[in-house]
Amino acid sequence: MTPPTDRTPKQDRSRATRRRLLEAAVACLAEHGWAGSTVSVVAERAGVSRGAAQHHFPTREDLFTAAVEYVAEERSAALRALPVQGRAAVVAALVDLYTGPLFRAALQLWVAASNEASLHPRVSELEARVGRETHRIAVELLTADETRPGVRETVQGLLDMARGLGLANVLTDDTARRRRVVAQWAALVDDALN
């Protein structure tokens, strides 16, 4: 029997390999889209063999849904760790969720799921779960009282607006316009939640 100390490094290596694969998968989806993101491409980018990739993720769908879920969880953790700050900073942080590589990767996965029956239920369930968690975190960060009429809709409208800004940013750098829109939305959200 192998002593526990000998297994730990192997487990650590396995976790590190899994993490590299997940991060590489998100980067590939964001850069190359669904069609250009294969298990082989991801494995090469992660610096592992295709066999190692398939050991961790038996199918392409397993790899990419796990990758988007992993990064979404990382971003949720980062949001939860934000220090208490004004609502304008919270609005900006929420919008940032939808303008980076994670959103680009998720968007590619959504498009693929709309055309691939085997992927659709997994991505739909993942998006619903991530959406609920993001909404819950937004409510906490904004100190929003959802028992008041219209507050839930205000928070959801903010998240929908952030997603729309993320879509606008996919084809062109929309930073300057987005900054102005975010400032206006921050003021509207603050007024609505007070």
Quick one about [Y] and [X] (side-chain donor to acceptor, distance below 3.5 Å, no hydrogens or angles considered), yes or no?
| X | Y | answer |
| --- | --- | --- |
| Tyr70 | Arg18 | no |
| Thr147 | Asp145 | yes |
| His135 | Glu146 | yes |
| Arg177 | Asn169 | no |
| Thr99 | Arg104 | no |

NZ or CZ of Arg180 within 45° of Trp185 ring axis and under 6.0 Å = no
Do Val139 and Leu158 sit in the same hydrophobic cluster, where Ile, Leu, Val, Met, Phe, Trp and Tyr count as joined when their side-chain heavy atoms come under 4.5 Å apart?
-> yes
Is any NZ, NE, NH1 or NH2 atom of the basic residue among Arg50 and Glu44 found under 4.0 Å from an Asp or Glu carboxylate oxygen of the other?
-> no
Hey, are Arg136 and Glu133 close enough for a salt bridge, meaning a charged N less than 4.0 Å from a carboxylate O?
->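 Salt bridge: yes.
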Could you tell me which non-hydrogen atom of Ala67 sits nearest to which non-hydrogen atom of Val26, and how far apart they are?
->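 Heavy atoms of Ala67 and Val26 come nearest at O-CG2, 3.4 Å.
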Please name the pair of heavy atoms, one in Trp110 and one in Arg163, separated by the smallest distance, quoted to 0.1 Å.
->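 So the minimum-distance heavy-atom pair works out to CH2-NE, 4.2 Å.
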Straight-line distance of Glu127 CD to Arg122 CZ, nearest 0.5 Å =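 Going from CD on Glu127 over to CZ on Arg122, the span is 15.5 Å.
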Out of curiosity, Phe103 CZ to Leu165 CG, how far, rounded to the nearest 0.5 Å?
->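 Phe103 CZ to Leu165 CG: 9.5 Å, rounded to 0.5 Å.
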Taking it one step at a time, do Phe64 and Val42 satisfy side-chain contact (heavy atoms from CB on, under 4.5 Å)?
-> CA-CA 10 Å; Phe64 289 104; Val42 171; 3.6 Å; yes
Does Ser37 reach the main-chain N or O of Cys28 with its side chain, forming a donor-acceptor pair under 3.5 Å?
-> yes
